[in-house]
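What follows is a single structure, written as C-alpha cells, with notes after it.
Note that the coordinates shown come from a computational prediction; the quantities given were computed from them, not determined experimentally.
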Amino acid sequence: MVTLKASDALSQIDDDDELDEEPGEVIESAPPLKVGEEREIINSSSGTCLKKKLLKRGYGWDTPESGDEVTVHYVGSLIDGTKFDSTRDKDEPFSFKLGQGRNGVPPNCVIQFEVELISWIAIVDICKDGGIIKRVMEKGEQTGPPGDLDEVIVKYQVRLDDGAIIATTPEEGVEFHVKDGHFCQALPKALKTMRKGEKVNLIIQPQYAFGELGSKLTKEFPLIPPSSVLNVDLELVSFKPVINVTDDSKVIKKILREGEGTLTANEGAAVTVRFTAKLEDGTVFEKKGFDEGPLEFITDEEQVIAGLDRAAVTMKKKEQAILTITPEYGFGSTAVKRDLAVVPPNSTLIYDVEMLDFVKEKAPWEMTSQERIDAAARKKEEGNLLFKDGKYLRAGKKYDKAADYVCEDAPFGDNGEKLVKALRVSCWLNGAACSLKLNDFHEAIKLCSKVLDVEFHNVKALYRRAQAYLGTADLHLAESDIKKALEADPHNREVKLIQKSLKKLQAESNKRDMKLYANMFVRTTKDPSVAKKRLKVEKMEDDQGGEEVITTEMEKVAVNSTPPPV
C-alpha cells in the first residue's frame with residue numbers, strides 16, 4: 001500500500017512464497033521493511049513525499065530501474081476510499097515505462113495505490129545514443145559477459161519494421177569470435193553486455209546496422225533495404241572464454257571446460273596434465289596421459305615448451321583448454337622429433353590440455369622462518385646455475401624469489417637477521433648482474449640502490465650501479481659511484497677499468513659538444529649584429545691514464561654592430 005501526493009508509485013509485492021527478508025531498498029541504508037510496517041520516503045529533488053506500507057514480500061533481490069518496462073496491477077483511490085482507477089476491475093495488468101506517469105489523477109489530492117509488481121523487462125541503451133536498445137526477455141546465468149577474444153554460439157532472428165523476417169540462424173546456432181563480428185556491428189556490441197543463456201530483443205538503428213545504403217544480397221546474408229531499422233531476437237547460447245596468455249597473442253588459451261574453484265597453479269607448482277598435441281594440419285605428434293601415466297612437471301623450470309609452461313600456471317584443477325602456440329613459445333625454427341611425428345621448423349602447435357591436479361609452491365607467509373631461509377638459499381643456488389648457463393632472465397626471477405623469502409618485513413630474530421641480511425644483499429647484487437646482462441639498466445640501478453641503502457660502501461653495488469649509469473648515459477652519476485668505490489677499495493682492478501671507460505665516454509661527449517658549439521657559432525657569425533665567438537681546443541693529458549681530454553673555451557671578439565659611415 002502506497003499513500004502519496006503524486007501519480008506514480010511501485011511496490012515490489014509478489015508471489016505466495018515468502019522469504020525471511022524483503023529485498024532491501026536504497027533509502028539512506030534503511031533496513032528492509034517487515035510485513036505491516038510503513039515508511040515515509042521523501043524525494044529530495046522534487047520534494048514529493050510518499051508512504052510505503054508492505055503488504056506482502058516479493059522474491060529475489062533485483063528491482064527495476066528507471067526506463068525499464070514494468071507490468072503491474074494497481075488500485076488507485078483517494079484518501080476517503082473513493083476508487084478512481086483499477087486494473088483489477090478490468091483484469092488487465094498495466095505495462096508502462098518506469099519513470100513516466102499516467103494522467104487522470106485529480107490534482108492536489110492525497111492518493112493511495114495498492115500496487116503489485118508482476119514483472120518487468122530491463123531496457124538498456126547499449127551505446128548511450130539510442131542506436132541499440134536492448135530489452136532483456138529472459139535473464140541468463142552468472143557466467144559472462146564474453147570478451148573480444150571469446151568464441152560464442154548464438155541464435156537470432158532478424159526482422160524489418162514491417163515484420164518481414166530477413167535472417168534466421170540454424171537450430172544449433174552460429175559460432176564466431178566476438179572480435180570478428182557477425183551479421184552487423186550491433187551484434188558484438190550487444191553480446192558484450194550479455195550473460196550465458198540470456199535472451200534479448202534488440203532495436204537497431206541504421207548507423208549500427210547497414211546504414212543509409214543497406215546491403216546487397218550475398219550467399220551468407222540477405223538483401224537489406226537502405227536505412228533499415230532492424231528488430232533482432234538474440235540468444236547467447238554459450239561461449240568459450242579465450243585468454244591471451246602471454247599478452248602478445250602468441251599463446252592463446254580457449255577454455256573448453258571450466259575448472260574447479262578459483263585457484264590456479266603458480267610458478268614453481270608441481271602440475272599433472274594430460275594432452276594431445278597436433279600441428280595445424282591435424283597431425284598428432286605427441287600424446288601424454290592416456291595409454292601411460294599423466295605428465296608431471298614443475299612450472300617455470302623449462303621442463304616443457306614455454307607455451308605449455310606459461311599456460312599451465314593460468315589453469316584451474318579439472319580445467320580443459322585448447323592452446324594455440326606460435327613457434328616462439330614452441331619448438332622455434334628447428335625440426336624436432338617427438339613420439340608420434342616430426343615437428344617441422346616454425347610450426348604453430350595446437351595442444352588439447354587437461355589440468356588433472358597441481359600442488360602450488362608454498363608462499364613465503366606459509367613458511368616458518370627457517371623454511372624461508374632454506375627456500376631462499378635454494379632459489380639463490382638455482383639462480384646461480386642458470387646464470388652460469390647464460391639464462392639471465394630466469395636467473396633474475398630466481399634471485400627475486402629468494403629475496404622475497406627473506407624480505408625485511410619478516411621476523412627472523414636477532415640470531416637470524418645477520419644471515420638473512422647477507423642473503424638478501426647477495427640476491428640483489430646477483431639480480432643486478434642479470435639485469436646488466438639483459439641491458440635492463442634501470443632495474444640494475446634499483447637493485448644496487450637497495451644494497452647501498454643498507455651497505456653504503458658496498459663496492460660491488462657501486463661498481464654495478466656505475467655500469468648501469470654508463471648504460472643510461474648518466475656520466476656524472478657513474479663518476480660519483482666510481483669515486484666512492486675507489487675510496488673504499490683504491491686498488492680494485494674492475495673499478496679502475498670502468499673508470500677508463502668513463503673517461504673515454506666523457507671525452508667523446510666533449511667532442512660532440514665541441515662540434516655542436518662550433519656549428520652553432522658558424523651560424524651566428526653570419527649575423528653581423530651578433531658577437532663573434534672563437535672556440536679554443538686544448539688537449540690535456542690525464543694524470544692517471546694518459547687519456548686525451550678536450551676542453552672548450554669561448555672567447556668573445558668585439559665586433560662593432562654599427563655599420564661604418566659611408
Query raised in the report: Within 45° of the axis and under 6.0 Å from the centre of the six-membered ring of Phe358, does NZ or CZ of Lys317 qualify?
Result: yes

Query raised in the report: Between the side chains of Tyr329 and Asp248, is a donor N or O closer than 3.5 angstrom to an acceptor N or O?
Result: yes

**Report entry** Lys278-Thr283 side chain donor-acceptor pair, cut-off 3.5 Å
**Finding:** no

Requested in this report: Would you tell me whether Arg195 and Thr143 have side-chain atoms, one donor and one acceptor, within less than 3.5 Å of each other?
Outcome: no

**Report entry** Pairwise distance NZ(Lys503) to CD(Glu479) - rounded to 0.5 angstrom
**Finding:** 7.0 Å

Requested in this report: Output yes when Glu175 and Lys240 qualify as a salt bridge under the 4.0 Å nitrogen-oxygen rule, no when they do not.
Outcome: yes

Query - Donor + acceptor pair across side chains of Asp481, Tyr463 (<3.5 Å) - result: no

Report task. Report yes or no: do Asp129 and Tyr208 form a side-chain donor-acceptor pair below 3.5 Å? Result -> yes

Query raised in the report: Which class fits the ring pair Phe176 and His182: parallel under 30°, tilted 30 to 60°, perpendicular over 60°?
Result: parallel

Query raised in the report: Can you find a side-chain donor-acceptor pair between Thr368 and Gln370 that sits under 3.5 Å?
Result: no

Requested in this report: With rounding to the nearest 0.5 Å, note down the distance linking CD in Glu443 to SG in Cys448.
Outcome: 10.0 Å

Query raised in the report: Is Glu267 salt-bridged to Arg394, going by a charged N under 4.0 Å from an acidic O?
Result: no

Report task. Using distance alone, with no hydrogens and no angle criterion, decide if Gln506 and Asn510 have a side-chain donor and acceptor under 3.5 Å apart. Result -> no

Report summary line: Here the gap from Leu356 atom CG to Gln320 atom CD, rounded to the nearest 0.5 Å, amounts to 10.0 Å

Requested in this report: Before accepting this row, confirm whether a basic side-chain N of the pair Lys318/Glu260 lies closer than 4.0 Å to the acidic partner's carboxylate O.
Outcome: no

Report task. Verify whether one side chain among Thr262 and Lys316 offers a donor that lies under 3.5 Å from an acceptor in the other. Result -> no

**Report entry** Pairing residues for Asp453 by the side chain to side chain donor-acceptor pair (under 3.5 Å) criterion, not counting sequence neighbours
**Finding:** none

Requested in this report: Please indicate whether His442 has more than 12 foreign heavy atoms, meaning atoms of other residues, nucleotides or ligands, lying under 6.0 Å from its NE2.
Outcome: no

Requested in this report: Would you indicate whether Lys254, at its atom NZ, is surrounded by more than 12 heavy atoms from other residues, nucleotides or ligands within a distance under 6.0 Å?
Outcome: yes

